[in-house]
Amino acid sequence: MLQIEPVKAFQDNYIWLISAPGSNNAFVVDPGDANPVISALQDAGKTLVGILITHHHADHIGGLDTLLRHQQVPVYGPPSQRIVQISNTVTESSSIDVLGHSFRILEVPGHTREHIAWFSDDPALAHPVLFCGDTLFAAGCGRMFEGSPPQMHTSLQKLAALPADTAVYCAHEYTMGNLRFAKAAMPDNRNLQVRYRQEQAKRDQGLPTIPSTIGAELETNPFLRCNDAQVVASLAAESRLEGSEPWQVFGALRRWKDDF
Ligand SMILES: [Zn+2]
C-alpha cells in the first residue's frame with residue numbers, strides 16, 4: 001500500500017509525495033522546488049529517503065540541490081548529462097524498490113530525449129501506478145521538445161498499453177485546457193463531455209484532477225486515439241492532415257494543439 005499526495009509547486013506543477021502507512025519514510029517524484037517539499041514532509045512527519053526523476057526540465061529537478069543539502073538521499077533518474085545530481089542511473093530494464101514496492105522504468109522519449117516513466121503493478125498495490133512526468137497528461141500530452149512524432153507516438157502507445165486501471169500521475173494540472181482541445185478534436189465523444197463536467201467540478205472545488213487512469217485516457221485523450229475517425233475528420237477539416245499513419249495523425253494533432 002502506498003499513499004500518493006500532490007505537493008503543489010509553481011503555477012501548476014505537482015510534485016508527488018509517496019509514503020506508506022506505518023512508515024516514516026517518503027519518496028518524492030520530480031521536485032522542481034524544494035521548499036514545498038520540505039514543508040509537506042514536515043507536515044506529514046515523514047523523512048525523505050529517495051527521489052525519482054522523469055526528465056531534466058528545471059521545473060522537475062530545480063529543488064534537488066536544496067533537498068540534498070538538507071539530506072543526502074539516492075536520486076534515481078535517466079542517464080542525462082543535464083541532471084548532475086542523479087546518483088543511481090536507471091534504464092528500461094531497471095527496477096527499484098520504493099517503500100517495499102517494485103517500480104520499473106519505461107523509456108518514453110519525445111518530450112525530452114531521455115524522458116522516463118515509473119510504473120508499478122506490484123500486487124500489494126490497490127491498482128497499478130504510473131508517474132509519467134510530462135509525457136502523458138490528463139486528456140493531453142507533453143510538447144515534443146526533443147523528439148519526433150513517430151518517437152513520441154510510440155512512447156504514448158507504450159503507456160496506453162498499461163492496464164486500464166493504472167492510476168496516472170502526471171506532473172501538471174493542464175487538464176481543463178487539454179479537455180477544451182480534446183472537445184475540438186472529438187466533438188461527438190460522449191465520454192469526453194461527461195469527463196469535462198466531472199473535471200470542471202473538481203477544479204471548481206479547488207481539487208486536483210490527477211490522478212487519471214489509463215482507461216479514462218484511452219476513451220477521452222485524442223493523443224491516444226490517432227485511429228479515431230472523429231480525430232482524423234477534425235484534422236482534415238482544419239486542413240492539417242498530412243497522412244493517415246497513426247504517427248502522422250499524432251504529429252498533426254500535436255501541431256494543432258501547439259497553435260490552439
Ligand atoms: Zn518537461
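Atoms within a ligand are numbered from 1 in the order they appear, just like the ligands themselves.
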(request) Using a cut-off of strictly less than 2.8 Å, determine whether His55 has an N/O/S atom near the Zn ion (ligand 1). (result)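 Within the cut-off used here (under 2.8 Å), His55 does place an N, O or S atom near the Zn ion (ligand 1).
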(message) Taking 2.8 Å as the cut-off, does Asp59 contribute an N, O or S atom near the Zn ion (ligand 1), distance below it?
(response)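 No, outside the cut-off.
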(message) If only side-chain N and O atoms count, and only distance matters, is there a donor-acceptor pair under 3.5 Å linking His111 with Asp134?
(response)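 The criterion, which ignores hydrogens and geometry beyond distance, is satisfied for His111 and Asp134.
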(request) Answer with yes or no whether the side chains of Thr175 and Glu173 bring together a donor and an acceptor at under 3.5 Å. (result)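 Yes, side-chain donor-acceptor contact under 3.5 Å.
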(message) Donor-acceptor check, side chain of Asn24 to backbone of Thr47, threshold 3.5 angstrom: yes or no?
(response)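 Such a contact is absent between Asn24 side chain and Thr47 backbone.
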(message) Only N/O/S atoms count here: what is the atom of His57 closest to the Zn ion (ligand 1) called?
(response)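 This turns out to be ND1.
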(message) Just to confirm my numbers, could you give the angle made at the Zn ion (ligand 1) by NE2 of His111 and OD2 of Asp134, rounded to 10°?
(response)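 Value, to the nearest 10 degrees: 100°.
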(request) Please state whether the rings of His55 and His60 are parallel, tilted or perpendicular, taking 30° and 60° as the class boundaries. (result)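 His55 and His60: tilted rings.
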